[in-house]
Amino acid sequence: MSVRYRIHAALRIVHTVVYDTTDAQELHAYSDQIRKDPAIGGSFNHLIEISTPGPSSDGTLAVQVFFELVPPVFQIKLAVVAPKDVDFGIARQFQSINELTDEIFWVFRNLEEALTWLGFEDRREGWSDWTEIDPG
């Protein structure tokens with residue numbers, strides 16, 4: 001699976017990395033797993049890093065990820081790290097089309113900016129306490 005995530009219970013955040021091109025089936029499975037994970041519930045913020053080594057398969061990778069993930073987490077913060085122009089642009093279009101406010105959804109070029117927006121710039125003391133999730 002090209003999508004992996006880990007959770008940090010104390011900081012109440014899910015960190016997802018899309019590290020290769022993926023398809024709708026994988027993203028649907030990932031979204032289902034996030035929704036059903038009892039450790040997450042509905043109150044965890046989400047940080048998604050799109051770190052594809054090459055171009056997105058058809059230019060819609062970011063849209064597919066957000067479409068699958070946003071419904072279960074709509075009332076919490078969702079930060080997206082998309083350094084590549086195509087993924088960044090598509091993520092911003094997704095935000096606009098779905099009328100997601102800047103208070104709950106934002107797209108960043110780098111991880112540090114996203115962590116600051118999520119409020120973690122000075123809460124790194126337990127940053128290593130992640131639980132890795134096996135996507136199965």
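Predicted, not measured: the structure shown is a model, and the values here were computed from it. Along the sequence shown, residues are numbered consecutively beginning with 1.
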### Query
Does Ser96 reach the main-chain N or O of Arg92 with its side chain, forming a donor-acceptor pair under 3.5 Å?
no
### Summary
Smallest heavy-atom separation, Tyr5 atom then Thr16 atom, equals CB-OG1, 3.5 Å
### Message
Could you check whether any side-chain N or O of Asp37 sits under 3.5 Å from a backbone N or O of Gln33, counting only pairs where one atom can act as donor and the other as acceptor?
### Response
no
### Query
Considering only heavy atoms from C-beta outward, does the side chain of Val80 approach that of Glu49 to under 4.5 Å?
no
### Query
Does any non-hydrogen side-chain atom of Ile7 lie less than 4.5 Å from one of Ile40?
yes
### Query
Taking all non-hydrogen atoms of both residues, which atom of Asn45 and which atom of Lys77 are closest, and how far apart?
OD1-N, 3.0 Å
### Message
Within the structure provided, determine whether Val14 and Leu47 are in side-chain contact (heavy-atom separation under 4.5 Å).
### Response
no
Which pairs of donor and acceptor atoms, one on a side chain in residues 102-109, lie under 3.5 Å apart (sequence neighbours left out)?
residue	atom	partner	partner atom	Å
Asp102	OD1	Gln95	NE2	2.9
Glu103	OE1	Thr101	OG1	3.2
Arg109	NH1	Pro83	O	3.0
Arg109	NH1	Asp85	OD1	2.9
Arg109	NH2	Asp85	OD1	3.3

### Task
Quick one: pull up CG in Leu78 and CG in Leu118 and give me the separation to the nearest 0.5 Å.
8.5 Å
### Test item: Asn98 side-chain N/O and Leu100 main-chain N/O as donor-acceptor pair under 3.5 Å
no
### Query
Where do Phe120 and Leu11 come nearest, in terms of heavy atoms and distance?
CZ-O, 3.6 Å
### Message
Restricting to non-hydrogen atoms, name the atom on Val81 and the atom on Leu111 that form the minimum distance, rounded to 0.1 Å.
### Response
CG1-N, 3.8 Å
